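This report concerns only the one structure given below.
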Amino acid sequence: MSDHLNFHFTVDGDNFVSAGQASVQVKKNLRELGLSPDVIRKVSIAMYEGEINMVIHAHGGTADVNVYEDRIEIILDDEGPGIKDVELALQEGYSTASDSVRSLGFGAGMGLPNMKRYSDDMRIDTTVGVGTKITMTIRL
Amino acid sequence: MNSYRHSVVLDEDKCTGCTTCIRRCPTEAIRILNGKADIDTDRCIDCGECIRICPHKAKKAMCSKFEHYTHYKWKVALPAPALFGQFNGLEDIDDVLQGLIDIGFDEVYEVAKAAEQVTAYTRLYLKTDHIKKPVISSACPVISRLISLRFPYLKDNILPIMPPMEIAAMSAKQKAIREHPELKPEEIGVFFISPCAAKVSYIRNGYSGFKSNVDVVISMSDIYFLLLSAMKRGNPPTVGSQTGMIGIGWASSGGEATALLNDNYLSADGIENCIQVLETIENGNIPPQLEFVELNACIGGCVGGVMTIENPFIAKTRLQTVRRYLPVSRNFLSPEMNFVPPEFVTDDMPEYKPITRLSDSMGESMRMMSQIQQLKEALPGIDCGACGSPTCRAFAEDTVRGLVKGDRCCVVLQNAEKKTEAKADEGN
Ligand SMILES: Nc1ncnc2c1ncn2[C@@H]1O[C@H](COP(=O)(O)OP(=O)(O)OP(=O)(O)O)[C@@H](O)[C@H]1O
Ligand code: SF4
Ligand code: SF4
Ligand SMILES: [Mg+2]
């Protein structure tokens with residue numbers, strides 16, 4: 001066995017119905033690993049928001065959750081439009097979501113700020129026209 | 001550590017091991033062992049899905065028989081409001097209450113009355129500072145147990161007020177003791193007339209060591225015909241209902257929530273819907289102003305309980321008819337009341353039980369999880385259930401946990417056989 005566990009998910013773009021399923025599965029796995037409710041909640045919120053962002057802003061992508069003995073790493077990788085101004089995107093309330101997406105209850109501009117809040121470390125690598133890769137770490 | 005006593009039981013003679021129930025269990029608590037369904041009591045939440053789905057009627061809810069309890073000198077019936085939806089053409093609830101007297105009860109205390117009190121106190125509770133919102137109803141024990149097993153983060157959201165049944169039981173017992181000083185407390189029997197198995201389990205276990213005031217639980221369906229024939233006699237009611245629309249409304253999904261006169265509520269019914277709602281609340285993806293969440297494990301609410309007779313939607317319609325001329329509520333608080341009295345507050349809240357944990361040690365759990373992943377890769381992924389586990393993933397997990405021997409996948413065996421045959425053919 002390698003030094004960590006990997007849970008890999010393909011996040012279907014534009015499928016709002018299945019959006020959030022990866023985070024449900026991850027929660028189940030983390031409960032089996034015996035992690036504390038607090039950690040599970042942090043991971044699930046961070047993961048859920050990232051998953052939804054990939055669906056509504058980037059036509060889907062992949063999600064990887066790597067569990068190490070001392071930390072959990074969540075990597076969300078997409079080939080979407082990229083984020084022009086990361087500073088701005090991280091501000092609470094900033095959103096470029098379309099009206100149709102907003103009518104579904106998304107687009108409050110709280111996703112990225114929450115991902116930052118619930119993880120101990122978050123790195124955003126993004127290139128306009130190429131894609132976005134977000135790496136979040138939650139320490140155990 | 002099977003300390004939780006459940007109320008869903010198997011009739012071994014009727015079970016054919018058909019695997020229908022294992023795939024429908026929302027907590028994956030059932031396996032087929034030695035050809036029969038076997039429920040893991042740690043995982044079971046008493047939702048009753050397997051009772052509903054079993055094509056051979058092999059699963060039953062365990063209850064007591066009314067006839068067996070002749071030793072109580074004073075018997076009080078506690079009808080759940082769903083009972084009033086079971087009778088065709090019922091005009092007046094009093095007829096049902098009288099029917100209960102006619103079949104041998106000495107007194108009736110309506111759970112719906114206590115429900116109206118809970119409504120009034122919940123309105124007060126929602127105004128309390130520093131409480132975790134949304135507040136989640138404590139009335140359906142399936143939901144509370146589910147939260148304790150799967151949504152630990154939400155356990156502090158549960159309404160800390162005793163469920164109506166328990167308040168009714170407490171009040172009924174106190175009343176009988178007060179009014180009948182000639183009786184010893186143990187001679188007074190409080191009988192809850194239950195729509196479901198979950199209430200039976202709750203009464204037997206509580207969540208963390210409590211003693212219910214309910215002495216005996218009888219099933220709605222068990223006394224149904226007895227009650228029906230008593231009601232047909234048409235004795236004029238000597239007892240009068242003490243509930244209004246609100247109390248009766250608690251029998252159907254949405255009744256508890258709408259009674260709060262607060263628009264920021266959500267109500268959902270059916271166990272799968274409830275699970276989805278809880279997942280969403282846990283992810284934080286809910287309207288921030290949401291104040292109250294009512295969840296009923298049964299479709300339609302308690303009128304959909306496994307011990308009811310009538311289809312939940314028909315029962316609901318009947319209740320609407322019965323409610324029509326009732327006052328909104330008959331149990332108001334005095335205006336100066338501004339807190340929930342301590343005797344209605346419960347400290348028996350569900351505790352988080354990490355029952356699905358693979359091992360006590362994180363390192364060992366990780367090793368086991370890795371084995372599960374590897375094993376699962378080798379399985380066909382069609383979740384056929386023939387091995388006795390609900391999914392291929394669950395079979396992999398059961399194998400790694402040592403619960404089953406990992407060679408029971410018939411698809412893998414068949415494929416291996418085919419390969420050997422093909423090899424033999426090549427040799428020819
Ligand atoms: N994976 C992504 N690819 C491209 N743009 C993104 C991605 N994730 C976020 N963004 C941009 O950053 C903005 C802010 O994201 P954030 O998640 O904070 O808010 P939102 O998704 O618009 O609304 P909410 O998350 O509250 O529903 C988005 O509106 C979008 O323009
Ligand atoms: S549904 Fe379950 S309990 Fe009923 S016969 Fe099939 S295996 Fe047995
Ligand atoms: S919804 Fe009502 S009848 Fe169904 S399990 Fe819950 S308490 Fe029992
Ligand atoms: Mg977002």
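None of the values given here were measured: they were computed from a predicted structure. In what follows, every chain begins at residue 1, and chains take the letters A, B, ... in the order their sequences are listed. Atom set for the values below is all heavy atoms of this structure, side chains included, hydrogens, waters and symmetry mates excluded.
- Within a 6.0 Å radius of CG in A:Asp70, other residues, nucleotides and ligands contribute more than 12 heavy atoms.
- Nearest approach of A:Leu5 to B:Met366, heavy atoms of both residues: CD2-O, 3.6 Å.
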With side-chain contact (heavy atoms from CB on, under 4.5 Å) as the criterion, how do A:Leu140 and B:Met362 come out once you've worked through the C-alpha distance, each side chain's angles and the decisive distance to 0.1 Å?
CA-CA 11 Å; A:Leu140 300 180; B:Met362 170 85 175; 3.8 Å; yes

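- B:Arg357 CZ to A:Leu35 CG: the interatomic distance, rounded to the nearest 0.5 Å, is 10.0 Å.
- At a 4.5 Å heavy-atom cutoff, the contact between B:Gln373 and chain A is made by side-chain atoms alone.
- Comparing B:Thr356, B:Thr280, B:Asn283, B:Ile372 by how many heavy-atom pairs each has under 4.5 Å with chain A, the most go to B:Asn283.
- Between the B:Glu282 side chain and the A:Ile40 main chain, no donor and acceptor come within less than 3.5 Å of each other.
- Interface residue B:Glu28: only side-chain heavy atoms are found under 4.5 Å from chain A.
- Taking a 6.0 Å sphere around NZ of A:Lys116, one finds it holds 12 or fewer heavy atoms contributed by other residues, nucleotides or ligands.
- Annotation: A:Arg117, atom CZ; neighbour count of heavy atoms from other residues, nucleotides and ligands within 6.0 Å is above 12.
- For CD1 of B:Ile299, the number of neighbouring non-hydrogen atoms (other residues, nucleotides, ligands) closer than 6.0 Å is 12 at most.
- When heavy atoms are compared at a cutoff of 4.5 Å, A:Asn29 approaches chain B by way of both its backbone and its side chain.
- Proximity to chain B (any heavy atom under 4.5 Å) is shown, for A:Arg31, by both the backbone and the side chain.
- Nearest approach of B:Tyr153 to A:Pro37, heavy atoms of both residues: N-CB, 4.5 Å.
- The environment of CD in A:Glu87 is sparse: at most 12 heavy-atom neighbours from other residues, nucleotides or ligands sit within 6.0 Å.
- Heavy-atom distances place the side chain of B:Glu397, and not its backbone, under 4.5 Å from chain A.
- No other option in A:Tyr68, A:Tyr118, A:Phe106 has as many heavy-atom pairs under 4.5 Å with chain B as A:Tyr68.
- Contact of B:Leu149 with chain A is made through the backbone alone, with heavy-atom distances under 4.5 Å.
- Only the side chain of A:Ser23 comes within less than 4.5 Å of a heavy atom of chain B; its backbone N, CA, C and O stay farther away.
- Other residues, nucleotides and ligands contribute at most 12 non-hydrogen atoms within 6.0 Å of the CD atom of A:Glu79.
- More than 12 heavy-atom neighbours from other residues, nucleotides or ligands sit within 6.0 angstrom of CZ on B:Arg52.
- In this structure, B:Leu154 CG and A:Arg41 CZ are separated by 7.5 Å, a value rounded to the nearest 0.5 Å.
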